[in-house]
Amino acid sequence: MTESSILTVRVADQTHTIGAEGRRTQLVLSALLRQAGVSLNTRCGQRGLCDGCVVDLLSGQLIDAGTGVTIEATDGPHSIRACQCHLPPRGSAEIHVPVRSLLAHEPQV
């Protein structure tokens, strides 16, 4: 039996549901969101050096990719860097992506 996780993503007035199974749960959230069409500002190359990809964990659990520590939203929203966390092998989480964390393409002269 394959383990799976569900990520609910709130962006502005839209809600997306992303399912992840097996090795996809090991993808950091910024990569998982990019595959689902929600690109975040990862200007530091997903090294955790900036706050461009900060999202709010509203409910559920995520895992810190560097330490393996479980992050829970117990007392309200918890701000995290999406490039530094991934889904647990099974379970669910809900996040809110603020507009400032979205990748916005603005051509320059």
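A quick note: this is a predicted structure, and the numbers were derived from the prediction, not measured.
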Working to the nearest 0.5 Å, report the span between CD1 of Ile18 and CZ of Arg24.
7.5 Å
Would you be so kind as to tabulate the donor-acceptor pairs closer than 3.5 Å made by side chains of residues 57-64, with sequence neighbours excluded?
residue	atom	partner	partner atom	Å
Asp64	OD1	Gly66	N	2.8
Asp64	OD1	Thr67	N	3.0
Asp64	OD1	Thr67	OG1	3.4

Transitive ILVMFWY cluster of Val99 at side-chain heavy atoms under 4.5 Å: who else is in it?
none
Contacts of type side chain to side chain contact (heavy atoms under 4.5 Å, CB included), residue Ser5, not counting sequence neighbours
Thr25, Leu87
Shortest non-hydrogen separation from Cys53 to Cys83 and the atoms involved:
SG-N, 3.5 Å
Report the residues that fulfil salt bridge (charged side-chain N to carboxylate O under 4.0 Å, His left out) with Arg10, sequence neighbours left out, ordered by chain and then residue number.
Glu94
Please assess Val55 against Leu40 for the test side chain to side chain contact (heavy atoms under 4.5 Å, CB included), listing each intermediate value before the final yes or no.
CA-CA 9 Å; Val55 298; Leu40 299 181; 4.2 Å; yes
Determine all donor-acceptor pairs shorter than 3.5 Å in which one atom belongs to a side chain in residues 68-80; sequence neighbours excluded.
residue	atom	partner	partner atom	Å
Ser79	OG	Asp56	OD1	3.0

Cluster overlap Val54 with Ile95, hydrophobic side-chain contacts below 4.5 Å
no
Contacts of Leu49 that satisfy side chain to side chain contact (heavy atoms under 4.5 Å, CB included) - sequence neighbours left out:
Cys44, Arg47
Look up atom NE2 in His86 and atom OG in Ser30, then write down how far apart they are to the nearest 0.5 Å.
12.0 Å
Heavy-atom nearest pair, Cys50 first then Arg81, reads O-NE, 2.9 Å
Shared hydrophobic cluster for Val28 and Val97 (ILVMFWY, side-chain gaps under 4.5 Å)
no
Restricting to non-hydrogen atoms, name the atom on Gln46 and the atom on Gln84 that form the minimum distance, rounded to 0.1 Å.
O-NE2, 3.5 Å
Whether over 12 other heavy atoms sit under 6.0 Å from Ile6 CD1
no
